[in-house]
Participant: 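Sending over a structure as structure tokens; questions will come in a sec.
On a predicted model such as this, the values are computed, not experimentally measured, just so you know. Every number for a ligand or one of its atoms is a count from 1 in the order of the listing.
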Amino acid sequence: MAAITMKNIVKEYGDGFKAVRDVSLDVQDGEFMILVGPSGCGKSTLLRMIVGLEDITSGEMRIGDRVVNQVAPRERNLSMVFQNYALYPHLTVYENIAFPLRLAKKPNEEIDRRVRETAEVLELTEHLDRKPANLSGGQRQRVAMGRAIVRQADAFLFDEPLSNLDAKLRGQMRTEISRLQRRLGVTTVYVTHDQTEAMTLGDRVAVLRKGVLQQVGSPRELYEQP
Ligand code: ADP
Ligand code: ADP
């Protein structure tokens, strides 16, 4: 686990457009932070700068006690869950979840232990030998999440992970993500434009508009004002 600290973060794209303007935000160790705002406000850009997929134009980004402005994505030890997460269709649930650990060349014993722990948390233990095609949408989503969390990263980053699901599944997954994050207690930044997700999932919500951080507070502070 690690806190994420952003100080005066600016992102100016090649064409001179400033997508993120002087954002300072501290995400505490173990905290679930929501980034919310209308399409185009800079949420994904900010998330991609945290994870290292986008260069930071200016400002300072810290993960734990390291300044990561110039640190490659691989070395940041973060785990990102995208909107469209494809599973490997020819691999079993077990091997899909194990995949990042195999890439990291972990010993088999450790892989087995971590895959089973992850499957248990996600209630996938009975499905480990099945292939993705034989699973329900929600189960597939959980496998994808398993693959993201099995590495025991310092923080999880979610980029609108539920936006392609139907309403019922979205509700289910909301509950699961919240349960999972609380159980694991891992620092999380979760991007969404959905107010229900913002109100129900996070410890705190950061509201972005046109690249500017407008408000940060608990869901109660932001949404239940008289
Ligand atoms: P959000 O995730 O809130 O929808 P984005 O971070 O994707 O917003 O985009 C923020 C703004 O930056 C938008 O106006 C978008 O068009 C612009 N933008 C995103 N990526 C690029 C890019 N590669 N080059 C230029 N402008 C970009
Ligand atoms: P989202 O709305 O989910 O953030 P977009 O469709 O805005 O996604 O962006 C998808 C991809 O296109 C991203 O990689 C982003 O960097 C790029 N992009 C978005 N806006 C621009 C832009 N104005 N110029 C160049 N690339 C852009």
Side-chain angles (χ1 to χ4, degrees), residues 3-27 31-63 67-74 76 78-86 141 144-145 148-149 153-167 169-170 173-174 177-178 181 186-219 221-223:
I4 301 171
T5 312
M6 292 167 245
K7 215 195 248 166
N8 305 113
I9 297 293
V10 173
K11 176 65 188 186
E12 185 172 330
Y13 280 110
D15 58 3
F17 181 76
K18 275 196 185 159
V20 172
R21 298 161 180 259
D22 203 28
V23 166
S24 296
L25 178 64
D26 290 348
V27 185
E31 186 174 33
F32 196 139
M33 175 70 77
I34 302 276
L35 275 183
V36 73
S39 178
C41 71
K43 306 181 294 293
S44 302
T45 298
L46 197 54
L47 202 70
R48 290 205 303 268
M49 285 192 283
I50 297 172
V51 88
L53 296 176
E54 203 75 74
D55 286 338
I56 297 162
T57 305
S58 66
E60 186 181 273
M61 177 82 67
R62 283 174 178 270
I63 297 171
V67 177
V68 297
N69 291 50
Q70 309 296 338
V71 174
R74 272 181 175 282
R76 293 190 190 188
L78 305 175
S79 206
M80 178 115 162
V81 180
F82 295 94
Q83 202 171 95
N84 305 301
Y85 24 95
Q141 213 86 11
M145 212 152 337
I149 68 172
D154 290 334
F156 298 151
L157 305 168
F158 290 91
D159 194 359
E160 308 223 9
L162 307 185
S163 58
N164 291 334
L165 304 180
D166 65 46
L169 198 50
R170 207 156 51 221
M173 290 304 296
R174 230 177 16 237
I177 288 175
S178 160
Q181 198 273 345
V186 176
T187 310
T188 299
V189 181
Y190 186 107
V191 163
T192 183
H193 63 265
D194 181 316
Q195 277 222 356
T196 311
E197 286 176 30
M199 286 190 295
T200 54
L201 278 175
D203 296 319
R204 283 193 301 158
V205 180
V207 184
L208 269 180
R209 188 171 294 267
K210 296 187 174 166
V212 177
L213 184 61
Q214 296 220 307
Q215 273 184 300
V216 188
S218 68
E221 285 163 348
L222 295 191
Y223 296 110

Participant: Mind checking whether E197 and R170 have side chains closer than 4.5 Å, heavy atoms only?
Facilitator: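 Yes; the side chains approach each other to less than 4.5 Å.
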Participant: Any idea how Y190 and F158 line up, ring-wise: parallel (<30°), tilted (30 to 60°), or perpendicular (>60°)?
Facilitator: tilted
Participant: For a side-chain contact (heavy atoms from CB on, under 4.5 Å) with F156, tell me which candidate from V186, V81, L78 qualifies.
Facilitator: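 Passing option: V186.
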Participant: Verify, without hydrogens or angle tests, whether K43 (side chain) and L208 (backbone) share a donor-acceptor contact under 3.5 angstrom.
Facilitator: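 Side chain of K43 to backbone of L208: no pair is present.
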Participant: Closest approach of D203 and P219, non-hydrogen atoms and distance?
Facilitator: O-CD, 3.3 Å
Participant: Could you tell me which atoms of ligand 1, counted from 1 in the order shown, lie closer than 4.0 angstrom to a heavy atom of F17?
Facilitator: 11 (C), 12 (O), 14 (O), 17 (C)
Participant: If you count the atoms of ligand 1 from 1 in the order shown, which ones are under 4.0 Å from a heavy atom of S39?
Facilitator: 4 (O)
Participant: What are the two closest heavy atoms between R174 and L162, and how far apart are they?
Facilitator: N-CD1, 4.0 Å
Participant: Classify the contact between V191 and ligand 1 as side chain, backbone, both or neither, using a heavy-atom distance cut-off of under 4.0 Å.
Facilitator: neither
Participant: Can you check which of A19, G37, G14 brings a heavy atom nearest to atom 12 (O) of ligand 1?
Facilitator: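 Looking at heavy atoms only, A19 sits closest to atom 12 (O) of ligand 1.
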Participant: Any atom of ligand 1 sitting under 4.0 Å from a heavy atom of C41?
Facilitator: yes
Participant: Check ligand 1 against K43 and write out every atom of the ligand that is under 4.0 Å from a heavy-atom position of the residue.
Facilitator: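 Matching atoms, with element in brackets: 1 (P), 2 (O), 3 (O), 4 (O), 6 (O), 8 (O).
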Participant: Less than 3.5 Å between some nitrogen or oxygen of T45 and one of ligand 1, yes or no?
Facilitator: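 Yes.
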Participant: Within a distance under 4.0 Å of any heavy atom of P38, pick out the atoms of ligand 1 and give their elements.
Facilitator: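 Going through ligand 1 atom by atom, the ones under 4.0 Å from P38 are 3 (O).
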